[in-house]
Each structure stands twice: as structure tokens, then as C-alpha cells.
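Working notes, beginning with the structure itself.
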Amino acid sequence: MASLATIFGSGAMTNSIREIEGNEVIFIIGSNTKEAHPVIANAMIRAHRKGAKIIVADPRKLAMCRFAETWLRQRPGTDIALLNSISHVILKEGLHNAEFIEAQTRQFDDWKKSVEEFTPEAGEKLTGVPKEKIIQAARLYGGSRKAAIYYGMGITQHVNGTANVNAIANLALLTGNIGREFTGINALRGQNNVQGACDAGCLPNVFPGYQRVDIPEIQEKFEAAWGRSLSARPGIAASEIAQKALDGSVRAAYVMGENPVLGDANVSHTKKGFEALELLIVQDIFLTETGKFADVVFPSSCFAEKNGTFINTERRVQRVRKALAAPGMAREDSWVITELSRRMGYEMSCSSPEGIFEELGSLWSALEGISYTRIESRGVQWPCPTKNHPGTEHLYKGGFPRGRAAFTPAPFERSAGSTDAAYPFILNSGRNLFQYHFGSMTRRVPLLESHAGEAYIEMHPDDIARAGMQDCDRAKVSSAQGSVVLRVRSTDRVSPGTVFIPMHYAEAAVNMLTSDTSIDSFSKTPGFKITAVRVQPVREGE
Amino acid sequence: MSNDREKQKTVRLRINSQVIDVPEGRTILEAAKEIGIYIPALCNHPMISQSGACRVCIVEVNGTPVTSCTTLVEKDMEVITNSPYIEDLRRDTIDLILSDHPYDCMVCQKTGECELQELAYSYNIRKPLFSGERRIYDKKDGNRFIERDMEKCILCGRCVKICDEVQGVGAIDFAYKGFGTKVCPPFERDLDCEFCGQCVMACPTGALVGRDWIGKGRYWKIREVDTTCSYCGVGCSITLHVKNNEIIRVSSRPDSVVNKGLLCVKGRFGYGFISSPDRLKQPLIRKDGRLKAASWEEALDFAADKLKKIKEAHGPDAITGLSSARCTTEENYLFQKFMRAAVGTNNVDHCARL
Amino acid sequence: MIEQQTVTIKVCLGTAGRASGGADVLSIFQKLIQLNGIEAQIDKKCSYTKVGCRGFCSKDVLVDVIINDQKVTYQSVKPTMVEKIVTEHILKGEPVADWLTKEDYESFQTKQHKIVLGPCGEIDPESIDDYLGMKGYRAAEKAISKMRRDEVIKKVIQSGLRGRGGSGFSTGTKWEICKSQADSTKYIICNVGEVNRPLAEGNPHAIIEGLLIGGYAIGSEKGFIYIRERYHLSVERLRLAITQAKDKGFIGRNIFGTDFCFDIEFSFGTEAFICGEETALMESIEGKRAMPRVRPPFPVQKGLWGKPTVINNAETFSNIPLIIGKGARWFSSIGTKESTGTKVFTLSGKVKNVGLVEIPMGMPFRDIVYGIGGGMESGVALKAVQVGGPSGGLIPASMLDMGLDYENLSKLGSIVGSGGMVVFNEDDCIVSITKFFMEFLQRESCGKCPPCRIGTKRMLELLTKITEGRAEYNDLATLERLSGLMKTSSLCGLGRTASNPFITGLNHFRDEYLAHVREKKCPAGVCTALITFSIVEDRCKGCTLCKKVCPAGAVSGEVKKPHRIDAAACIKCGACFKACKFKAIKKQ
């Protein structure tokens, strides 16, 4: 989310789920919406029934393609070339919003030069998408002033993820499809409270509310609030922990509700890193793969056993309510943190979740107007600076908080992890409908597990035949990092030469294969979406 | 928004002698609801297109019976919803439906929240006047999520429409004709769909219920807790149905702000992990290479001591914290505050990039 | 003498004509005439569905032999008969009198008023030139190139033409409402039903021309022909007609040099009665299951794919070129004031002449039955006439003097419906007839609304109860109540009219129902559960014939002594009753 924040000042969906039904054009890129965000897909389908045109850009033939006016099947890792080509056509056909560009943006002319080379013909060559389709998409998106872009991890989880988001942002700036109802750049966030965790400051470079740790005034403000002197040095990113542990600069880790052993790229490397730690504290509801390396494990409560808030992908703060008592001796995370803090010599005064939320609001104006009373029956979208403020459905109404928004050239570079004779397939990874994340929850739901409990690899029937296999055979998938064994699923959802493994299955963890060295240098997001692999049949007994 | 509404043209009509101004384009059913006049309807549902199939919402307009769910309000309409004539027609239609419906409410999962049962009750139809043969079907669908009891199906078509129009799947449709008309997947195969359960939500009777809900509790004996789904970032409002400290079902209110009552398979059916036997129930400390049960005091002291020692020896930046997008905003706030203020480092992050 | 003759031979090649060997008859004529060197012009002649060529299929193959404008018609022509006709009639000029059509054919034909069926049987349906020869497509040319759309519609309104398929709504008004809709895309659909097959087979261009004029009038560029694929010959001839019309430029772009463009597409329906319901028909064209939609909105407002749509049937469209060509006044001079023009029916049942008939609106039922139909078959008295297919009302003998038009049918609790007309006699049981139709309707209910889906089922169950003698008086009240519910509360016409046979039957034949319910008797002797066979001792001669034919061994007795029927063993097949030569068997 780093890039959106740079351009516009925050990292959320600019517009609202409600507005989807008012879109004239819906441009979905890098998001398997129907499986990863099914209820947003419902809204898109309703929009489609009302006449909205849907553009899907994805290397896989996703379920949303059924509702699409056009489906652009770009080669993995060529999103920038595709987006730049679309921008090129919009410019060439005069579909851009000159008034908006003039009034609200900067660096347009510099950027304009950067897309000159991306003619539809060049785009076709780079992406594999026929130029007619590039032109069609450009006319659809550029031709509407109620057009919105929706993207997911298919955009961000790349080596060049930040540049990908820039290319998307340019498209919105070019057409002025931002800052108004029914438009926007809408990041579909993968987890229930990613937004809340970011907003609350669980990022190494910012305090709550995206306030930078290295700006002295801000540092002073938080020191005053918390009564301690604070470090101005940005911390390390999650994906760097294993490496830092191995080189000895990190010696202890406190992991709350997270499973980095499976979550980070290159599992064997991560495991070594966590093994090397002097102290690993894991706080979770299950003994996760990471928990197995822990020195101390704190049993915590799940969402149904505590009070608090989640902030969804459209910045809506919503209540979480306690319905059950936690099992056994398990306690709420806030209690554990407070207890630990006290023992560390830092007494946290706040007692109830409501009190904690108010403290957060006092430190970040966007949440200041929100209270538990206000969100009793329905959530409110930040920014909501005062008690009377209705909340904000779409951001940047009338302008950007940091003045004009800059066009940022998005240079196209071929993705690392390209194939060779040893590893001829491009591996993509992501979610399926029936499982969630690394499965610590869904894989313990017998109902879901009985229906979708087996790891698999999606592979094109032609590739399966060429490898001498059949649908449902077992296959060994190997990369430079490691290998897994799973079942082959024959499908034309993937194109020949590419394969897909869902991320949910620990026994065939896709991150055994992904590389930890291909990381976006700016956002530190691993390039999960492209890894070169080979697929071989597994004979009985192996 | 409110200005737009005010600008909208309204029409004046009378419903049961009550004068009412309604925006153009509303149905009589909607208009009546606004002034608190209840008209029963079995096929109408706010998420789907109008159907007019069930014939229960029939009302008199200027003396002619019409379905109120499909008839738009017009100027000077004279609507009567409760004349003996209309009530008789309605009663008889319900009677017909009941004549082809199992009378096993005492064991039906839907009892108490069944729209047909409610109508049978309010029209006091103990034994249908139009009795006769009843459809008898085998329950042969092997899917794990949804129990399909087609004998209880009243063919209102809500499930067919919501699957097609809202979910975009079209897993089921009407098959056969006449009295043997039946809603089923193609070729009567087992249901194999996205299992979002929108059809279950929309079903007015016990024809479609969650398989795991059966026998777990009557709806009036449970506690309902409104909360937010803990899966993806959409943030659907959900209602947990709690009985004996156990979640026995999840639903969503139709007026929920983000999802309007819609859920996905995980949100609706993926609650089983909460009561999983794998749940951690006590603190553990590694002793002799093995994780062993400990008290909270022991575990917290152990962790705090170690952290303090490492901080002293290597500085606060040798400690790193990893928080979770699954936890609440408040917990995340506390966590980073702990790392920054108690430990003294900015080494705090979470899985935002996954 | 032969050189001076022009000979035209018209052979029925409709569905029934073909089935009776018409194709062979034609080819033998061709062969023999070539052999004999006769310059004959051999036309293929149209015919009808199973009801028959010129409505008289029971006498197929019908062959017209026209020598110097002198026409005679042969009936029941077999291939073996052709040689004699050629040698005696065509060569020697002496018609084979025994094989010629008889009086019944004449009365059947002359009492009709054929305006849409007229060309059927006269022209070659596969030749556009034949159609052009009878001023075909002149009406379309006039309408499209010389008249404004509203003028066309005005003319249709003035003609008084009402929909021939169902409720009899004014065709012109329907078009006018559709035309006035704001949406620029509009559709027009021609439904070709069972009763329309002879039109499609006999004069397909008239349908196409009517559809074309309709498309122009409402401002539609796209027409659909909705037809069951099973009507092979109709499909084939309509398809050919469209191709020919396209070649001539009557269909396509810039028709008659104007900016009007029109295209026609086929849409094939399924075997379902409900597809005759216009909204269900549209669902079917859209590729969905044929289930009716709620009205309003009406198809003229929101029809096919939500666009304003006109649906008329093939007979309605066939009238259009005549109205434009001959004038509204000419058309409205036929029929009655409110119901103008003619109507095609399939006349069947216990009359002498069964077949397809076209009558002027307002013709009394009596004239139809006793004039065109030639009176009752085998002398048994008429009991009732049913008009409008399975959900038409039963009209008792006492009302035969009423004229057949929309108003009277409605008064009689009946409908034009599918254009069926069945004549029942005193041997028919009203309850059984009603049950038979209800059986069909409940099977064909689409299942969408409970009053129809369950109502027809319950009615069938109650009617069955009556015919089996298990009914109580209350059941009649239940049936009446159910009928009322279905009439007012059903979603579409199928359910709303399904009770017509019952309601009219109970009105006019209440005694017959009461006999079933109270006395457990079937006066017509049809309901097997309610009849008993017994032997009148005085009449029985002991011939043993009844004993021999009884399949159940229920008859006993010695030769020349009176026999007895064991009621317990009797299966009520009626074999003894039919076999007895002395009327000694009594049916009660």
C-alpha cells in the first residue's frame, strides 16, 4: 500500500462498496474478486445487471470473466505494459480529462513522454493482449466518467508492485476518475483488518495514522501522549525478519496472530531464521507452524470472544462483539499485551477496547469523530474528524490532501523469476473460495475442509498431457527454493506455460517455492505472483 | 442524497383509506410497508427482481385483484389490502400451498422463522381445505453445506433468482412442469456451487437450511450477537447465533450496511474453527526442547524477563514485533504501542502485504 | 382436341396430403402426362395439418383437375388411381364420377368464408411468383413506401381486427401502444401455433408480409417467428419464403427504396402448452424456461429483453396484407360490429365433416355444426360444443343459435384460445370431458404460481373423485371455490381459464354432476366406476355371444337360457354390450 499512500496520502480504497452499483465501467485487475472478495463481486454483478461494463485483466480465466465485456489476458508480470498501453490509447484518442489534469495534477508532461512508446502494437507484443482489446479497454475506461479500478494482490505482490500501483494511479488521474462518487482506485484488501492494523500504526515507518516516525514534531506528539522517548529510526519489515535473525541483528520476535513461517516467501529460509532467534513469543488461537518454533506461547481469543473494531477495505470502522467466553485459559490479546507491558515496566493505562479506540482517535484526526456509540448499529468510514462529521464515502473530493497529485512514470521491466529450461513454468499463487489465507482458521472448519481440503495445482490440459500426466495425478512442483507434492487439476483457467497453486495448504505450501530475494524495494512486498517452477509426475510409492 | 429524494416525483394514493404520498416507481407492497401495513408475500425479496409467482400479496386496486409486489403505485389508486374478498383469496392460496407441504413443523429446522408457518398460523389453517396428493421426494443431495428438502419447497423461485441475479452462478433452476415442478441442479445432480448460501437466506420455508444447523437449537432459544466477519477485507456484518457458549449458526441482517445480508461460504459456513479442539487453551513454555503447559504468571514472567535481557544486551532494535491483520484495531494499536513505548523500537509490522 | 386444352392438376401436399401419399400421386401424374405428351402445368397444392387439405384431410389425397377452367376435385386419390384419371378424364374428357368429391365436400366448402385460408390450396406455397401473382407484397409496398406508420396503424384499428390468438385485444391498438414507447429498439413476434400450421404451409408469404407491415408500423427492425421445430413443413416453407423475400429485397436493408430495414429470425419453441402464453413465449425466445411474467408491464411496454414488443399469431398477421390491400372497410364488412373479419377453427368431434374451417365472425354455432359440419355423426343428439382448446367453455345445445364472436364467447365463459372447436353428443360425459381437459392442463402448468400448479392438480383429483363415485356434495362447493380462486388469482391465462370447462359444465349440466355425486350414476354411461352391466332376462335368447366376448369371464349361462353377469368380476369394458344383437344388455 506504500505507493497509494505516496501519491494520495493514504492506502485504502478511495471509494465505497456501495458505489460499485453506480459504476458505469468496472476495471478489475489483479483481483480474483469472485473468490477472494465474494460479496464485492456480488455488488459488481448487480452493477453488471444494471448495465455496467466490466473489464477484467488477469492471466487467469477468473469467474468474473463471465460478466466481463472484455477480458485481457496479459502475460504474468506485464501489468505495467498493459496499463501504460491503455493510458497511451486514452491519450491518443483524446479521452483524457484535460480539465482535471490541469487543475489537480502535476508532472503530466514528463509522464506523458514515458507512455509514448506503449502503442497498442507494442502493448500487444509485451503483454500478449491483442491490440484491439487494449483499445477497447481504453475506450471503455476512458470513455466513462463513472469508471472505477479494483485491484488486489495480483498487482501488489510483484517485484515491481509499487510501479504497478503507480501505473493504475496514472490511469485514474488521466481520466479524472477519482475524487468523485462512483470512481476511484480501489484496493481490495485481503484480510478483515489489514486496514485497521495499518491505521493503528503496525508499520515500521509510521505511527498510528501514517504519521512518520522520523519527523520530529510527530515524534514529540507521540512521546507526549505515551510518556516515553521514542525511536526515530524506521524499523524492519516483516519480510526481513528471517534474514536479520540469521545475521544476528534481530534476537527476539513477538508474533501476535500471524504465521510468518508459512506467510513469507521461501519457507525453508524463514524456518532457519526463526530457529536462530533467541526468543520467539507467539500469541495465537492455534499452535501454528510458527508457534511450533516458539519459546513461549500465549493462548488468545478469537474474534467471537472479544470486543473491538475491524476497519474494512473501504475504511469503515465496524464493531466486533464478544459472543463467547474464550476456551480454557485463553485470554484477549489486549490483556496479554498489557500484562507483558507492565512486566516490561511500562504501565498502559487504557482499560477497555472503547478506551483504547478513543486514545487512537485522539492521536489521529481521521478517527477522532468516531466512537463506539456512533458505530453501534452501522460503521462509519474515516476520515471522520468530528462528532458531527458523517464519515467519508469517497476520498479526495475537491482535491488531494498533499496538493496536486503527481503522475509517476511506471517503467516496464521484465519480472525476475523468468523461466528457463530447468524451470519452464511460471507459478502464480493466490486464494480459492473455500479456504482463507494460510488456513489456520478454515482448515479447522470440517465443512470447508471436507469440500476443499486438498492442495492442488491448476495446470492447462495441454501441459498436463505434455508432462505425461492426467487430471488428478500427483505431481512434484519444484523451484530453485524447494519443492512440494500436490494433485494436478486440469483447467483452462490458466494458460499453457503457467500454473497456479492456492496459498492455503501448509502441507504443500506455495511459499516453499517462492523466492525471498525478489521483493519490491519500496513496499517490501514479496513477489509471490511469479516464480519459475518445473512440474513432474510422481509415481506411486514416491 | 436527501435532496435527490425530495426532488423525486411522488404520487398520492390511498391504501385502506389512508392517504399516502409515495415516490414514483415504488410498488404497492413497498408503499404499504412504509405506513406499517403488512402484506404477506412469499416470492418477493428485496435482492431480486419481481416475480409475482406466489400470489399471496394480492390486493384490491380499484376493485381488481393484483399482486402488490409487482404493481407500481399510481395517482389516485384506491388500494385495499384486507377486504374479506382479498383475505379469502389469500387464505385459499396459502391453503393450496399448505396442501402440498409436509406438516412436520415440530421437527423442522425452520420452525419459528418460517414464513409459511407464520401464514398458516395467522390464517389459522389447521387442515387444508384443498387437501390432496403431496409431492414425495428422496433427500438425495450429498453436498455437505445445504440440506435440500424439496418436499418443503413452495416453488417461490427466490433461490433460483438470487443464485442467478445476485450470485451470478445459476446453479439451480426449475425443472419438470405441472404439479411435479421442482427446483434442482441440472439433471438433479448434487448441488455443486459456491455454497454462498444466499439461497438458504432467501428461502421462506425449511426447504433450504444449513446442514450443520439442524437440531442445534431453536432460533428463540439462542442469543444473537452482531459483529463483523473475520475473513476477507469486505467487512460483512454477521450475526452469531450462540447457544451454550457455542456458535451454532451465522447469519446476516438484510439491512447490514456493507453486504445487505449477503455472505460467502466462509462467512456463512466457516465458523467451525472457533470450537475446534485444536484451540490453544493454556500458555506454553519451551522446556527441554518441548512446549509444556504453564500458568499465565510463569509464561508472562518468562517472556518479559527474556525480552528485558535481550533489550539490555543488544538494544531495543534486536527485538521485533509482528502483529496481525486478524486482530482488532485496538489490539494492533496496543501492540505497536508496546513495541514502541515499552520495548523502544519501530520494529513492528504485520501481514499487510499478504 | 387435346392441343386446345390447358390442364392444371393440383395435388394436396400438405402434411396430411403427404402422409396420404400425395407426393407419389403427383409424380405419377407427372410421369403419365409426360408419357402421353400432354402439356400440363402441374402445380403443387397446399394443404393443412392433420385436419386436412382445404380443411378436409379425411378425404386426402385431394386432387383438382382443371381443364380449360373446368375444375373438378377428386377425393381419396391413391397412386393406383392416377392412370384411370389420366386416361379417362384428361385424355377422353370423361371425369371418373365415382371418385369425385361429394355433396359433403361442397357444403363444407361453400358455407365457409375463406379470406386467409383462401389462397391455401390454390397457390404453390413454395413459389413467391404465385404469391406475387395474387398481388402479394403490394400491401407491404403500399404501407412502407406510401403510408406513414400511424396511417398503417390507423387502418388496422379501423378494420377492427382483434388478436386471433387469445383474448382478442385490438391489434391496431396494441401496435399503437408499442409504437408510442420511447425505447428505440422494438421487437415483433409471430407465434405460429398448431392451428396456424395450414397457413404457414399453404400461404407462408402472407404471414411474412403481415409481419413486415407490422414491423414497419411499430418501428421495429427485428421480427421473430416462434414455432415448434416439430412443425417441419411449416418451418421449411416459412424459411423458403423468407429466403425468397430476401432475394426480392422485401426483407433486408432499405426495403422498397425507403430507409426501413427489417430482418426475421426463427426461434424454436419447446413442446409446452405454456409457450402459447405470450410472456412465457418471450422467456423462451430469451433462452430461459418458459414461465409467464407478471403483467403489467405488458409486452408492448417491456417485452423481449425488456424492449417494447408486439406478439401476434400467424392468423392475425395473415389478415394484415388483406386489410392494407383491400381496405379496412372491406374487412369490417365481414363479421359483426365488434368482431370483424373471420376466424379459423379446427372443427372436430361427433360431427360428420371434421376439418379446418374459416367462418365469418358471428356465425351461429348451429350453422357451423349443421351446415359446415354436415350435422351430427351417427344420429346421436348434440350435447355441447366446446370452443377454445382445453380451457374453453362448454356451450350447451340450447345456446346453439348464438353467434360465434368474442363477445358471445366471453358471455358463454369461453375463449377463442387455440382455435379448437369440439362437438360432443349425448354419449359423452360432461364430467369425464372436463376431467380429460384438466388432466392436460395440470400436466402443462408451468408450475410458477400455486393457484394453477396446485389448483389444477386439486381440481383433477376432485373431478376424478366424482367420476369414480367417491365424491360428496361438498366437493362440488370446493371445486367451485377453487375455480374462483384460480380465475382471479392465477398468474397467467392458463390458470385463469383452466376452470372454464368445469364452471360452464356445472352451469349447464348441473344435473349430470349431481347424478354422479348423489346417485353415483353416470347418465352418459362413460364413467366405468359408476356403470353396471346387467342382462334383461326377457330379451336374452341365450345365444352365448356375450359369454364368448367377455374378457373377464364374468358372464355365465347355458345355451338358450338367459345369461347372467357377475358384477364383481365385470371389468365394465362394454364388450358384451356391443356384441349383443338383442339389446338384452343393460348399461346403467
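Below, read A as the first sequence line, B as the second, and so on, with proteins coming before strands; counting in each chain starts at 1.
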Run the side-chain contact (heavy atoms from CB on, under 4.5 Å) check on B/T320 and A/K244 step by step: do they pass? CA-CA 10 Å; B/T320 187; A/K244 301 268 183 198; over 6 Å; no
Is the shortest side-chain heavy-atom distance between A/L447 and B/R211 below 4.5 Å? no
Chain A: which of B/L291, B/N143, B/N259 shares the most heavy-atom pairs with it under 4.5 Å? B/L291
Do the non-hydrogen side-chain atoms of A/C302 and B/R279 ever get within less than 4.5 Å of each other? yes
Side chain B/T227, main chain A/R321, donor-acceptor under 3.5 Å: yes
A/L360 backbone acceptor or donor facing B/Y333 side chain under 3.5 Å: no
Test item: B/Y231 and A/T442 side chains (from C-beta on) under 4.5 Å apart, heavy atoms: yes
Is it the backbone or the side chain of A/I281 that comes under 4.5 Å from a heavy atom of chain B, or both, or neither? side chain
Measure the acute angle between the ring planes of A/W335 and B/W296, then classify it against the limits of 30° and 60° as parallel, tilted or perpendicular. perpendicular
dist B/C232:SG -> A/I40:CD1 (nearest 0.5 Å) comes out at 7.0 Å
Compare all side-chain heavy atoms of B/K281 with those of A/P299 and state whether any distance is below 4.5 angstrom. no
Identify which part of B/K309 has an atom lying under 4.5 Å from any heavy atom of chain A, answering side chain, backbone, both or neither. neither
Mind ranking B/T329, B/I319, B/V265 by heavy-atom pairs under 4.5 Å with chain A and telling me who comes out on top? B/T329
Rounded to the nearest 0.5 Å, what separates atom OH in A/Y436 from atom CZ in B/F273? 10.0 Å
Does any heavy atom of chain B fall under 4.5 Å from the side chain of A/F207, the backbone, both, or neither of them? both
Are the charged groups of B/D317 and A/R233 less than 4.0 angstrom apart, N to O? yes
Considering only heavy atoms from C-beta outward, does the side chain of B/T345 approach that of A/S231 to under 4.5 Å? no
Trace of the side-chain contact (heavy atoms from CB on, under 4.5 Å) decision for B/K337 with A/I356: CA-CA 11 Å; B/K337 187 178 173 187; A/I356 302 167; over 6 Å; no
Does B/K308 reach the main-chain N or O of A/M344 with its side chain, forming a donor-acceptor pair under 3.5 Å? no
Between B/D349 and the options A/L203, A/I241, A/N205, A/I236, the side-chain contact (heavy atoms from CB on, under 4.5 Å) test singles out A/L203
I need the minimum non-hydrogen distance between B/A325 and A/N192, along with the two atoms involved. O-OD1, 2.8 Å
The interface call for B/S237 against chain A, heavy-atom contacts under 4.5 Å, is side chain
Interatomic distance, CZ@A/R342 vs CZ@B/F338, rounded to 0.5 Å, equals 12.5 Å
Any A/N42 side-chain heavy atom under 4.5 Å of B/K260 side chain: no
Residues B/E330, A/K306; criterion salt bridge (Lys or Arg N to Asp or Glu O under 4.0 Å); working and verdict: CA-CA 11 Å; B/E330 293 76 4; A/K306 59 196 175 194; over 6 Å; no
Just how far is it from atom CG of B/L307 to atom CD of A/E278, taken to the nearest 0.5 Å? 10.5 Å
Over all heavy atoms of both residues, which pair between A/N193 and B/C327 is shortest? Give the atoms and the distance, please. ND2-O, 2.8 Å
Between B/T228 (side chain) and A/R319 (backbone), is there a donor-acceptor pair under 3.5 Å? yes
Within the 4.5 Å heavy-atom criterion, are A/P38 and B/E194 side-chain neighbours or not? no
When B/I285, B/D278, B/I274 are compared by non-hydrogen pairs under 4.5 Å with chain A, the top option: B/D278
Would you mind telling me which of B/L300, B/N347, B/N332 has the largest number of heavy-atom pairs within less than 4.5 Å of chain A? B/L300
With a 4.5 angstrom heavy-atom cut-off, which part of B/I310 approaches chain A: side chain, backbone, both or neither? side chain
Can you tell me if B/H350 uses its side chain to pair, donor with acceptor, with the backbone of A/A197 under 3.5 Å? no
Can you tell me which portion of B/R223 sits under 4.5 Å from chain A's heavy atoms? Options are side chain, backbone, both or neither. side chain
Under 4.5 Å to a heavy atom of chain A? For B/V225 that would be side chain
Between A/K34 (side chain) and B/Q167 (backbone), is there a donor-acceptor pair under 3.5 Å? yes
B/E165 to A/I45 - nearest heavy-atom pair and separation: O-CG2, 3.6 Å
Using modelled atom types and a 3.5 Å cut-off, is there a donor and acceptor pairing between side-chain atoms of B/T328 and backbone atoms of A/G308? no
Closest heavy-atom contact between B/C264 and A/V39? N-CG2, 4.1 Å
Passes salt bridge (Lys or Arg N to Asp or Glu O under 4.0 Å), A/R343 versus B/E297? Steps please. CA-CA 10 Å; A/R343 284 170 171 77; B/E297 285 300 313; 2.8 Å; yes
Considering only heavy atoms, which portion of B/A294 lies under 4.5 Å from any heavy atom of chain A: side chain, backbone, both, or neither? backbone
Proximal component of B/D212, with respect to chain A [non-hydrogen, under 4.5 Å]: side chain
Just verifying a value: how many Å separate A/M441 CE and B/S230 OG, rounded to the nearest 0.5 Å? 3.5 Å
Taking every heavy atom of B/A299 against every heavy atom of A/F298, the minimum-distance pair comes out as CB-CE2, 3.7 Å
Checking the side chain of B/R286 only, and the main-chain atoms of A/K292 only, is there a donor and an acceptor separated by less than 3.5 Å? yes
Should the pair B/F145 and A/F434 be assigned to parallel (<30°), tilted (30 to 60°) or perpendicular (>60°) ring geometry? tilted
Portion of A/V250 that has a non-hydrogen atom of chain B nearer than 4.5 angstrom: both
Which portion of A/Q435 sits near chain B, non-hydrogen atoms under 4.5 angstrom: backbone
Interatomic spacing from OG in B/S324 to CD in A/Q283 - rounded to 0.5 Å: 10.0 Å
On a heavy-atom basis, which atom in B/R326 and which in A/F310 lie closest, and how many Å separate them? O-CE2, 3.6 Å
Between chain A and each of B/M47, B/Q336, B/M339, B/Q282, count heavy-atom pairs under 4.5 Å; write down the option with the most. B/Q336
For the pair A/R66 (side chain) and B/G168 (backbone), establish whether a donor and an acceptor sit closer than 3.5 Å, ignoring hydrogens and angles. yes
Ranked by heavy-atom pairs below 4.5 Å to chain A, first place among B/G272, B/P316, B/P283 goes to B/P283
Report, by ascending residue number, the residues of residues 240-250 of chain B in heavy-atom contact with chain A at a distance under 4.5 Å; give 'none' if the set is empty. B/L240, B/V242, B/N245, B/E246, B/I247
So, the part of B/C229 with a heavy atom under 4.5 Å from chain A: the answer is backbone
Turns out that what part of A/A41 lies under 4.5 Å from chain B's heavy atoms comes down to neither
Just by distance, do the side chain of B/R340 and the backbone of A/G201 share a donor-acceptor pair under 3.5 Å? yes
